[in-house]
Q: 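First, the structure itself, so that you have it in front of you.
Here is how names work: the chains are called A, B, and so on, in the same order as the sequence lines, proteins then strands, and each is numbered from 1. None of the values given here were measured: they were computed from a predicted structure.
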Protein chains: 2
Amino acid sequence: MTSEQATGKRRAASETRQSILDAAAHMFREAGYAAVSLRGIAEAAHMKAGSVYYHFKSKEEIVLEVLNLGIERVHEAVQLSYEEVAANGSATQILAVCVKAHLNTLLAHSDYTSANVRIHGQVPENVQLEARVVRRKYENLWDDILQSMASRGGLNDAVDLKVFRLMLIGSLNATLEWFDPAHGDVTELADGYLEILTNGLME
Amino acid sequence: MTSEQATGKRRAASETRQSILDAAAHMFREAGYAAVSLRGIAEAAHMKAGSVYYHFKSKEEIVLEVLNLGIERVHEAVQLSYEEVAANGSATQILAVCVKAHLNTLLAHSDYTSANVRIHGQVPENVQLEARVVRRKYENLWDDILQSMASRGGLNDAVDLKVFRLMLIGSLNATLEWFDPAHGDVTELADGYLEILTNGLME
DNA sequence: AAATTATTCTAACTAACGTTAGACAATTAT
DNA sequence: ATAATTGTCTAACGTTAGTTAGAATAATTT
């Protein structure tokens, strides 16, 4: 008797909300923010455009939630993995675990994460401002992780950690453009990236 | 007496064409394909929407040219650099020179290259198909470069060259999202990336 | 000077957009 | 059963979109 399935009509409101977000994320990812119409989102969620406004008060509210869900899921997964390995892991192990958490979540929720990566620069400015707060938090998490790795020693002194973070997140997110988890193993992908990131191409 | 400045009215046609492309590239980059109107492009190029159709026969034709110019410029710069260093350079030197050529050109023509990276997935399918041909050519160039590096020996055997190429181009292109050549030195950026790519983060 | 050509503008077309108000139907609570 | 609530639909609003045809203007050629 939780108040989850409580009130509603054909579908519970929370279910409908979710399917609107799923449809929106998928379409935003593929076509961009402006190209996606509320009529299109509504159709994909099996309803009419006007009905969407019962669940969201504007298109901007929908896209903001899509953008933030994209990052938040990855953030939570990486943070959890980091907390598990932080106590006893080496720098290399920490990096490996966190990169795998990022890649797995990124590719598992690719509609949301890809929407974030692709259309962040295309949404109205106020949405961009709110979404940036959540982005910053994730960047800070990685700075903490790299700091904690550095404190364990063994890192290449010639590498600037801020540059490394930017390159790392950039290269991981770019996998969204070509890697399909249905046709390839994410763990193999992660191992391939980690070999380059930790040891480099030469020698 | 070349036929360059030959015929025309207020501006030579080729100049107007160029300023339409420049305006379009800039706006596509910032707002996405669908969000940019021909009226907006026309205004930025100091003309009215109808006049644009004297130079291009559709919005699709404009975006296709923007997309292809973005890659072609980078392709030419990297190919040129490669040809200069291929004869006597080591693998590390080849990589360094080509990465710098890519980054310099990418960031120098960032409206075109960024438009390409950001909106390639958002344009109509026929445009995407034509643009992909030019993309493939550039990917092939890098495969050749990496092959030629491998033939010189000294590469880390654990690194898959196809994965390396995907990670390399992905990470370099991602710099468009955060690096501003007006506030940072591109050569320093390239050196930072190269240190990670060649030697890795550890040890 | 007249005729031609090159470029731009105006004005309009149809279609689609985000959003809103209010009628309507289905569920739950009384 | 009735009333209240929850969710959806219809229909319309003003705006803007890509595109086109043809008039208008400026430069070039004859």
Q: Rounded to the nearest angstrom, tell me the gap between atom CZ in Arg17(A) and atom C1' in dT8(D).
A: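 Computing the Arg17(A):CZ to dT8(D):C1' distance gives 17 Å.
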Q: Is the phosphate of dT8(C), meaning OP1 or OP2, less than 4.0 Å from a side-chain N or O of Tyr54(B)?
A: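 No.
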Q: Hey, can you pull the donor-acceptor pairs under 3.5 Å for the side chains in residues 34-57 of chain B, sequence neighbours left out?
A:
from	atom 1	to	atom 2	distance (Å)
Ser37(B)	OG	Gly40(B)	N	2.9
Ser51(B)	OG	Lys48(B)	O	3.4
Lys57(B)	NZ	Glu61(B)	OE1	3.4

Q: State, to the nearest 10°, the angle formed by the axis through the first five base pairs of the helix from dA1(C)-dT30(D) to dC24(C)-dG7(D) and the axis through its last five.
A: 10°
Q: Round to the nearest Å and state the distance from Leu38(B) atom CG to dT8(C) atom P.
A: 15 Å
Q: Where the side chain of Tyr53(B) is defined as all heavy atoms beyond and including C-beta, which of dG18(D), dT8(D), dT8(C) is the nearest nucleotide?
A: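 The answer is dG18(D), which lies nearest to the side chain.
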Q: Quick check: does any side chain N or O of Glu139(A) sit under 3.5 Å from a backbone N or O of Arg136(A), one acting as donor and the other as acceptor?
A: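 Checked: no pair found.
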Q: Should Thr16(A) be listed as having a side-chain N or O under 4.0 Å from OP1 or OP2 of dT8(D)?
A: yes
Q: Any side-chain donor-acceptor pair under 3.5 Å between Asn68(A) and Glu72(A)?
A: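 Per modelled atom types, Asn68(A) and Glu72(A) side chains form no pair under 3.5 Å.
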Q: With a 6.0 Å cut-off (strictly less than), is the heavy-atom count around CD of Glu83(B), excluding the residue itself, greater than 12?
A: yes
Q: What is the distance, rounded to the nearest whole Å, between atom CD1 of Ile41(B) and atom C1' of dT16(D)?
A: 15 Å
Q: Within the structure, does a side-chain N or O atom of Ser37(B) lie under 4.0 Å from either OP1 or OP2 of dT16(D)?
A: no
Q: Do Asp191(A) and Lys100(A) meet the salt-bridge criterion of a basic N to acidic O distance under 4.0 Å?
A: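 Here Lys100(A) pairs with Asp191(A) in a salt bridge, since their nearest N and O are under 4.0 Å apart.
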Q: Nearest nucleotide by nearest heavy atom, which residue falls closer to the 5' end of DNA chain D, Ala35(B) or His55(A)?
A: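 So the residue in question is His55(A).
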Q: How many Å lie between CD1 on Ile62(B) and C1' on dG18(D), as a whole number?
A: 11 Å
Q: Between His102(B) and Tyr138(B), is the gap from one ring center to the other below 6.0 Å?
A: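 Yes.
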Q: Rounded to the nearest 0.5 Å, how far does CD1 of Ile196(A) lie from CG of Leu168(B)?
A: 9.0 Å
Q: Across nucleotides 9-14 of chain D, 5' to 3', mark each nucleotide with B, S or - according to how protein heavy atoms within less than 4.0 Å reach it.
A: BB-B--
Q: Within the distance-only criterion (no hydrogens, no angle test), does the side chain of Ser19(A) pair as donor or acceptor with the backbone N or O of Thr16(A) below 3.5 angstrom?
A: yes
Q: Mind calculating the distance between CD (Glu43(B)) and P (dT8(C)) to the nearest angstrom?
A: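 Going from Glu43(B) (CD) to dT8(C) (P), I get 16 Å.
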Q: Please check if atom CG in Asp157(A) has more than 12 non-hydrogen atoms from other residues, nucleotides or ligands closer than 6.0 Å.
A: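 Open: at most 12 neighbouring heavy atoms sit under 6.0 Å from CG of Asp157(A).
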Q: For Val52(B), which contact category applies under a 4.0 Å heavy-atom criterion: base, sugar-phosphate, or nothing?
A: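 No contact.
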Q: Report the distance from atom CD of Glu15(A) to atom C1' of dT6(D), rounded to the nearest whole Å.
A: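 Computing the Glu15(A):CD to dT6(D):C1' distance gives 15 Å.
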